[in-house]
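The block underneath contains the structure these notes are about, expressed in C-alpha cells.
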Amino acid sequence: MSEQTTLRSRAWFGRPDQLGFIHRSWIKNQGHPDQMFDGRPVIGICNTWSDLTPCNAHFRILAEMVKRGVYEAGGFPLEFPIMSLGEPIMRPTTMLYRNLAAMDAEESIRANPLDGVVLLAGCDKTTPSTLMGAASVDLPTIVVSGGPMLNGKFQGRDIGSGTDTWKFTDDLRAGRITEHEYAEAESCMSRSDGHCMTMGTASTMACMVEALGLTLPSGAAIPAPDSRRRRLAHLAGNRIVEMVHENLTLSKILTRQAFENAIRINAAVGGSSNFLLHLLAIAGRVGVDLTLEDFDRLGSHMPLLVNLMPSGKYLMEDFYYAGGLPVVIQEMKDHLHMDALTVTGRTVAENTAGVTCYNRDVIACIDNPIQTEAGIVVLRGNLCERGAIVKPSAASPELLHHRGRAVVFDTIEDYHARIDDPDLDVDATCVLVLKNVGPKGYPGMPEVGNMGVPKKLLLQGVKDMVRISDGRMSGTAFGAVVLHVAPEAAIGGTLALVQNGDMIELDVSNRRLHLDVPEDELARRRAAWVPPTTPHAERGYPRLYVEHVQQADQGVDFDFLQGQSGAYIPRDSH
Ligand code: FES
C-alpha cells in the first residue's frame, strides 16, 4: 500500500500565515491542544444522528467510540452532521432526499480539512447517501453501521419491523386482531436502539457495505445495543487512521469485483429490492459500469442462505448470534471474488477465514439452501422497455407465472380511496396497477408498490396478488410485487397507457412483463396521453430533483452527480 506523504488537512492546519491562524484558532475554542495540529491525520466523522431518524438516535454514543479509536491511533477526530433521513417519518419519501443528502456529504467532506472519513449510517437511505457522496470525493473511508434493533417481542413471539406491521394491518382490516392489540404491538416492535431488524433495506445496506469490503468484519449484524457494536466503532476509529497512512482510498476497494460480490451476497441474504437502486447509484459515482442485467445475471441464480423476514423466519439478532455475514461469505466463497481488497487492508478471504456457523436454521449451508435460486429478477417487455424487477423469494410461487385483468389506480390517493370499496370490480386473479409513483411522478419514488390486497379479498383469505408499479417497496415487505417499472408513467412510459380490463402477463422464468394490447391501440392511447402535473415541484429542491433525476434502471441519481470530483482542495476562504 502506498504511504500518503502530504496530508490534505495541512492545506488548512499546516500554514504559518493568517489563514492558518484562522483555521486553527477557531477550532481551538473546543479545547484542542496544539499537538492536534502537528500533522496527524484529521478524521471526519460524518454523523447522520437525528431525533427525527429514530434508527440513528444512538449515534452520538457511536461517534464518541470512533473518537476514542482515532485518538488512540494518533489521529484528530472532528465530527460533523449531515442531513439525516428518517424513513418512518419523512414525507413524501426519504428517497426524494437521498441525492440531497449525498450532495451534503460530498460537499461537507471536500470543503473541510479531512484526510479520512468514518460514515455513521443506519436507517435505509443514510447508508447509500453518505456512501454516494464519499465515493465522489474518494478519501480513505470506512463505514460504521448503527446496527439493528433487538428482536421485537409480542404475545410470546418474535415480531419483525415492517414485515409484521403489514401483517398486523391486514389482520386488523380482516378483523383477526383488535384495535387494542394493534396499538400494543407498536411498543413491542421497536423496543431498543437500532434500525429495522428484519432483512429490510437498512439491514440490506449494512450487509451491502460489509460485502463491498467497506466495514470491519461482522459490522452488518451486531445489534445496536450490544457492546460489541461500540467496540467495532472504536476499532473503526483505529483503522481509519491507518488507512490514511496507507492511502487506502474508497475507489481502491469499490472495484467491479466488490460490486459483483455485493450482488451475489445480496441474493444469499434475501436483501431488499432497494439494494439495486442504491448499488447502481454508488457504482455510477466510481465509474463502475453496472447494469440491470448484471443483477439478474450474477444474482438471480444464487441460493438463499439466510432465513430472515421478510423472506423467512428469523431476525438480525438471530443472524448475528448464528455467525453473521462472515459465515454467509464463507459459504458463498466459490461464487465470490475472495481476493477482493477490504478496509482492513486484507482480502475477503482473510477477513472470513475460520468462521463458524452456530445455527444452521438461520444460516443454511450452500449444499442445502433455503431456496436454490434467490436474488432479484429483471423483467423486460412492452410494459417496461427499460426494465422492471421482482423479488421471487418474497412472492407466492404460483403468481410468478400469471395472466390477469388489470385494475388500475392513477395515483396512490386514488388507490386508497377505492381499494376497500365493496363495489370495486376485482378478484384474486386480477393485477393491481399503480401509476405515477416513480422518481419524477411522485416525485421521489415512494415505497407504495406493495399495495395492500382489497379488503373484500382479504376476507376471502387472499394474501397475495400480482401488483405492478413504477414505485418501490419497503425491504421489509413481501408479495408478487413488480417494481421500478421504467420508463415511469409520468414521462409517458407504457405503464401510463394501461386501462382497466387490459390483460397483463407476468412470466418470471422468461423474464417477461407484457401488456396484451394491440400496437395500434397503444399508439392511439399514446397520442391521446396527457402528462400529469407533478405536485409541489415548481421551485426549490423538488424542482431540481424532477429536472435531473434519472430513471430506476440508472439508480435514480441526478444526471450531474455521476462520477467523481475528487478530493481537490478548494480555493482559500479568506
Ligand atoms: Fe429506519 Fe427501517 S425505519 S431502518
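Heads up: numbering here begins at 1 and tracks the sequence. Just so you know, these numbers use all the heavy atoms, side chains as well, and skip hydrogens, waters and symmetry mates. Fair warning: this is a prediction, and the values are worked out from it, not measured in the lab.
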Just checking, is any N or O donor in the side chain of Ser300 or Arg511 under 3.5 Å from an acceptor N or O on the other one? yes
Nearest atoms (heavy-atom pairs only) where Tyr97 meets Pro92: OH-CD, 3.8 Å
Modelled atom types, side-chain donor and acceptor of Thr352 and Gln330, under 3.5 Å: yes
All heavy atoms of Pro310 vs all of Gly475, minimum pair found to be CG-O, 3.3 Å
Do Glu87 and His195 meet the criterion of a side-chain donor-acceptor pair at a distance under 3.5 Å? no
Polar side chain donor-acceptor pair, Ser272 to Thr201, under 3.5 angstrom: yes
Which pairs pass salt bridge (charged side-chain N to carboxylate O under 4.0 Å, His left out) with one or both residues in residues 135-151, sequence neighbours excluded? none
Modelled atom types, side-chain donor and acceptor of Asp557 and Gln550, under 3.5 Å: no
Using a distance-only test with no angle check, is there a side-chain donor-acceptor pair under 3.5 angstrom linking Ser129 and Arg98? no
Within a radius of less than 6.0 Å around NZ of Lys463, do more than 12 heavy atoms belonging to other residues, nucleotides or ligands occur? no
Does any pair with a residue in residues 331-357 pass salt bridge (charged side-chain N to carboxylate O under 4.0 Å, His left out), and if so which ones, sequence neighbours excluded? Glu331-Arg360
Sole residue of Met90, Met95, Met83 in side chain to side chain contact (heavy atoms under 4.5 Å, CB included) with Lys125: Met95
Closest heavy-atom pair and its distance - Ala102, Met132: CB-CB, 4.0 Å
Tell me if a side-chain donor or acceptor on Asn47 pairs with a main-chain N or O of Phe80 at a distance below 3.5 Å. no
Can Asn450 and Arg467 be counted as having a side-chain donor-acceptor contact under 3.5 angstrom? no
Closest approach of Ser469 and Gly449, non-hydrogen atoms and distance? OG-CA, 3.6 Å
Compute whether any side-chain donor of one residue and acceptor of the other, for Glu184 and Gln155, lie under 3.5 angstrom apart. no
Using a strict 4.0 Å threshold on nitrogen-to-oxygen distance, state whether Arg285 and Glu106 make a salt bridge. yes
For residues 163-174, which residue pairs qualify under salt bridge (charged side-chain N to carboxylate O under 4.0 Å, His left out), counting only residues two or more places apart or in two chains? Arg157-Asp164, Asp170-Arg173, Asp171-Arg176, Arg173-Asp420
Nearest heavy-atom neighbours spanning Gly146 and His58: O-NE2, 2.9 Å
Test: Arg297 and Asp294 ion pair at under 4.0 Å: yes
Just wondering, are more than 12 heavy atoms of other shown residues or ligands nearer than 6.0 Å to CZ in Arg230? no
Side-chain contact, heavy-atom cut-off 4.5 Å: Pro88 with Pro54? yes
Are Glu447 and Asn274 linked by a side-chain donor-acceptor pair shorter than 3.5 Å? yes
Taking only Lys NZ, Arg NE, NH1 and NH2, and the carboxylate oxygens of Asp or Glu, determine whether Asp318 and Lys313 approach each other closer than 4.0 Å. no
Salt bridge between Arg239 and Glu246, side-chain N to carboxylate O under 4.0 Å? yes
Give a yes or no on whether a salt bridge exists between Arg256 and Glu260, defined as a side-chain N under 4.0 angstrom from a carboxylate O. yes
Polar side-chain atom of Arg264 near backbone of His335 as donor-acceptor pair, under 3.5 Å: yes
Please identify which of these residues, Cys55, Pro148, Cys196, meets the side chain to side chain contact (heavy atoms under 4.5 Å, CB included) condition with Ser161. Cys196
May I ask you to decide if Gly387's main-chain N or O and Asp553's side chain share a donor-acceptor pair within less than 3.5 Å? no
For Arg191 against Asn151, the heavy-atom pair lying closest together: NE-O, 2.5 Å
